[in-house]
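First comes the structure, then the notes that go with it.
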Amino acid sequence: MAERLAFPVLLPGPSPSKPLFQDQPNHHQRGASLPPPPPPQPRPLNPLLHDLLQQNQRNPNYLQPRNPPPSQLPKRRRPLGKNRDPNRGKPWSDPRLSPQGQRILQILVDPQFDIAELDETLLLLFENFQEHELDRGLESVSADILGIVKGLGFYKKCDLALSVFQWVRTQNDYEILLGGPVVAVMISILGKEGRVSTAASLINDLQNDAVCIDVYAYTSMISACASNGRFREAVMIFRKMEEEGCKPTLVTYNVILNVYGKMGMPWKKIVETVEAMKNSGISPDLYTYNTIISCCRRGSLYQEAAEVFGEMKLAGVVPDKVTYNALLDVYGKSRCSKEAMEVLQEMEVNGLAPSIVTYNSLISSYARDGLFEEALELKTQMMGKGIEPDVFTFTTLLSGFERAGKDEFALKVFEEMRDARCKPNICTFNALIKMYGNRAKFAEMMKVFEEIQNSNCSPDIVTWNTLLAVFGQNGMDTEVAGVFKEMKRAGFLPERDTFNTLISAYSRCGSYDQAMGVYKRMLEAGVSPDLSTYNAVLAALARGGLWEQSEKVLAEMKDGHCRPNELTYCALLHAYANGKEIDRMHVLAEDVYSGVIKPHVVLLKTLVLVNSKTDHLLETERAFLELRKKGHSPDITTLNAMISIYGRRQMINKANEIVNFMNENGFTPSLTTYNSLIYMYSRSRNFERSEDVLREILAKGLKPDIISYNTVIYAHCRNGRMKDASRVFSEMRQSGVIPDVVTYNIFVASYAASAMFVEAIDVVRYMIKHGCRPNQSTYNSIVDCYCKCNRQDEASMFISNLRRLDPHIPRDEELHPFVVFATGRWSSSPSTNAHDPMMKWRANETLGFWSSRMLTG
């Protein structure tokens, strides 16, 4: 594994996989076309994924990128600035357009104009010029051509504008006619219509004709690529421009910085670009600073954003509403609620009234921290100022409640949204898909898909990434591969977030090699990793307890100027916990408590989780109390961790206090909650209560899993209630949950412990018949119990006939019972009650493993 983790921390810049201006299909997202990493053992798709793919096939337009005609394309929001078009809201006019040029433009925009008359119409531009006035005349014609092309762009007649441009190229001295910004304007028009490849071909043709492409044309081309999501091509053009000695302008730098921000380029690269800009004598303007602050969002670089904000004010650049909103957004994504409120206060002091964007950023900040009372108070405050919540407000609250496990509150927000006649967008539906999928409520998840279709929305790249995450969360590796394949078939190519999601999904399925394979493919595709990528890789390593490799990755991140955040340290805590490096875990915890590492709410929640997982009660309670002392609300995962450790310690009253807290505060118990309660009751005097909890799971519409059934079966077996255990076993099979080796081992150990060896061996035959391979524990429990009953001869006979019972038993497993028998390991085992001699430690060990799975799942 270590060899696979040689990460290039000095993150590679984007590298082209195709020639610079080669035509590409118009996908929603551009990225590398990769085959999905194959699952370890292909198996039929489950009904859910099958239904999803069938739905896709029944409606070919559904789940596919739509390419509407230009007239129907949604208008893109102009980021971080204002539209300065003087013709906005007015009929087209240009004072530089001559009367003749104005007449020609009116002819061209007439709906009845015949393209066959284009040559005759445009020749009118030359009719009033004499031979001796040619030079001055060409300059005038060039100004008219610029005005005509601009006007056609204004009237959304892109094809006609391009025809005019190409007609000019057929004229003598056309280089003069296309002087000035004509080329840049034409490229800009094509870019707005999504015709980036056409614009690129146009530049190629002009360069082949030895026409010099100026900085304005290059800047328009970079902007066209950027506005259509073709960020890597935008960077390639910027590099080509610099190589040709064409010096960027302020606008060029602003555009490329915006591209770097959207690509998630390392902060080091953004700083280098700003320094190059200053060294060339260009001072950043308001737009530049706004863009740089926005670049801090992806990596939650709130300290860097604050430094840029301070530099901006020292440079005499006055922040505007966009500046404050961008800074608020950075603080919101960094979960810095206090700092966000300080920005709001400064904004109001400077006479800038908060907008809906301002409040949405603040609400997002509080919702991410689980401070829902404050978030809802902001919503009330906003409405008191006459600002109505929009789709982003509702979706932010819905997502926050979903993350906290407060499903009922999330659904109430959705209903309020509907009552307010606020139409959900694809982000809203994605949040609902995540909520139902993470709770394994796949029927409800499919209803959301149907609603997407009924609402005339189209799934986006986030929808697909959410599906990948959901199936990965539920350990469904085949479905992960199936969704990835279907995503590409629908025309969505993987981008960085997709790769990050795949790394996480495969690692959750236990497929570490595949997770690392995805990372390798990502690098080969020229997609540069960012902080999120490293965190996904660290989380994959943590699940395997690979703490040494995790420390190496952390060191490389620091050396490569990729500053770790709270999620980085969360992954490291999990790596220590899963790798049983408790001392290292406690040292890192002390750094958090002491403030060496900022005690972020996510870190405090993780400390609750890892201490519970490693069964350190006092440390678990310390982290939980620290979380509450700082005013943070626990989420469903934190509360489940508390129930789990109290349950394992048989602290039933304490566990019930947490359950009551959950009910009083609107938390929706998850399957993990119920499984922890089943485990707790299975080991108590009131063991029947474990089956009552199982019935409650079914009544709530959840589906019990293998852990739920095995624990209830164990509760009955350890109390000698074999008929009840068999009844639950039958229900388990009828529900579609397939018994595993642990299920059968519980029965085998229980029968053997009660000296019912015939029944124990019958269970072994039954499990082999039904395709479940016995393991060493299966046979050891029988041999051990024979010996405990002083029936060594029968133990020896059982061992001798083992291959008859199980012809396919591996050699090492066949020998192991001999070792147990020969060494007399049974003789030193602790004495136990009549029903529970051997099974006690083995079942405890097994259930301890289940408990760990419940916490990490």
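Please read these numbers as outputs of a predicted model, since none were measured by experiment.
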Response to the item:
CG of Asn325 to OH of Tyr359, rounded to nearest 0.5 Å, is 11.5 Å
Worksheet item: Counting distance only, does the side-chain N/O of Asn535 pair as donor-acceptor with the main-chain N or O of Leu567 below 3.5 Å?
Response: no
Fill in: Any donor-acceptor pair under 3.5 Å from Asn665 side chain to Phe667 backbone
no
Practice prompt. Decide, yes or no, whether a salt bridge links Glu566 with Lys598 under the criterion of side-chain N to carboxylate O below 4.0 Å.
Written response: no
Item to complete: Output the distance between atom CD1 (Ile643) and atom CD1 (Ile658), rounded to the nearest 0.5 Å.
Response: 6.5 Å
Worksheet item: For the side chain of Gln650 and the backbone of Met680, is there at least one donor-acceptor N/O pair under 3.5 Å apart?
Response: yes
Worksheet entry | OG1 on Thr393 to CE on Met382, rounded to 0.5 Å | 4.0 Å
Fill in: Electrostatic pair Lys412:Glu415 at N-O distance under 4.0 angstrom
no
Worksheet item: What about the rings of Phe309 and Tyr324, do their centers lie closer together than 6.0 Å?
Response: yes
Worksheet item: Is there a side chain to side chain contact (heavy atoms under 4.5 Å, CB included) between Lys605 and Thr637 once you walk through the steps?
Response: CA-CA 8 Å; Lys605 290 176 180 178; Thr637 306; over 6 Å; no
Discussion item. Using the rule side-chain hydrogen bond (donor to acceptor under 3.5 Å, both in side chains), only one of Glu551, Arg584, His586 pairs with Tyr576; which is it?
Written reply: Glu551
Discussion item. Closer than 3.5 angstrom, by distance alone: can the side chain of Lys700 be matched with the main-chain N or O of Ser670 as a donor-acceptor pair?
Written reply: no
Worksheet item: Relative to each other, are the rings of Phe429 and Phe414 parallel, tilted or perpendicular (30° and 60° limits)?
Response: perpendicular
Practice prompt. Check side-chain contact (heavy atoms from CB on, under 4.5 Å) between Leu411 and all other residues, then give those that pass, not counting sequence neighbours.
Written response: Leu432, Met435, Tyr436
Practice prompt. Under the salt bridge (charged side-chain N to carboxylate O under 4.0 Å, His left out) rule, what do Lys552 and Glu556 come out as? Steps first, then yes or no, please.
Written response: CA-CA 6 Å; Lys552 288 178 183 177; Glu556 290 180 3; over 6 Å; no
Discussion item. Check the orientation of Tyr519 and Tyr534. Use parallel for under 30°, tilted for 30 to 60°, and perpendicular for over 60°.
Written reply: tilted
Discussion item. Check Asp635 with Arg403, please: is the shortest side-chain N to carboxylate O separation under 4.0 Å?
Written reply: no
Discussion item. Nearest 0.5 angstrom please: Thr463 OG1 to Asn430 CG, how far?
Written reply: 3.5 Å
Item to complete: Count the heavy atoms belonging to other residues, nucleotides or ligands that lie under 6.0 Å from CD of Glu342, then report whether that count exceeds 12.
Response: yes
Worksheet entry | Ring-face cation contact, Tyr593 with Arg622, 6.0 Å cut, 45° max | yes
Discussion item. With side chain to side chain contact (heavy atoms under 4.5 Å, CB included) as the criterion, how do Ile363 and Leu397 come out once you've worked through the C-alpha distance, each side chain's angles and the decisive distance to 0.1 Å?
Written reply: CA-CA 8 Å; Ile363 290 169; Leu397 287 169; 3.8 Å; yes
Worksheet item: Are Lys385 and Glu348 close enough for a salt bridge, meaning some N to O gap below 4.0 Å?
Response: yes
Worksheet item: Rounded to the nearest 0.5 Å, how far does CE of Met417 lie from CG of Asp390?
Response: 8.5 Å
